Amino acid sequence: MKKHEPFEDDGRTIADMSGVEMPSLFLPRKPRQPGQDNTPRETSGQDRPWEEQEELTAGQKFWVILGALKAALLIGSVYLVGLGLIILLMVLFW
């Protein structure tokens, strides 16, 4: 077994935790930075490259919604078929 060595602090700071406070349990709120105002800041295109795309047209929005609906119905149908098989097996073997 390794002998317990005394802790030796070399003075380096890995993360400054001086501004961290305990969150309120009863009144949750968004933490504010000192000197920060509530005005929205301008974001550059490099911060969010997925937002560089132009706005979708009405037809494109329609097809995106139908695609999401198709995916949801496909997943739901798998669960429905599985549940139906389980009920069928329970009826047959009961």
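Please read these numbers as outputs of a predicted model, since none were measured by experiment.
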- What about Ile86 and Trp94, same hydrophobic cluster or not, with Ile/Leu/Val/Met/Phe/Trp/Tyr joined at side-chain heavy-atom distances under 4.5 Å? yes
- Atom CD in Gln60, atom CD in Glu55: separation rounded to 0.5 Å? 9.5 Å
- Note on the structure: Those residues at least two apart in sequence (or on a different chain) that pass side chain to side chain donor-acceptor pair (under 3.5 Å) with Ser18 are Asp16
- Look up atom CG in Leu92 and atom CG in Leu88, then write down how far apart they are to the nearest 0.5 Å. 4.5 Å
- Query: Hydrophobic cluster mates of Ile14, side-chain heavy atoms under 4.5 angstrom, ILVMFWY only, any path?
  - Reply: none
- If you link I, L, V, M, F, W and Y whenever their side-chain heavy atoms are under 4.5 Å apart, who else ends up in the same group as Leu80? none
- Item | Hydrophobic cluster of Leu83, others only, ordered by chain and residue number, side-chain cut-off 4.5 Å | Ile87, Val91
- Message: Test question: given the 4.5 Å side-chain rule for I, L, V, M, F, W and Y, name all other residues clustered with Tyr79, or answer none.
- Response: Ile75
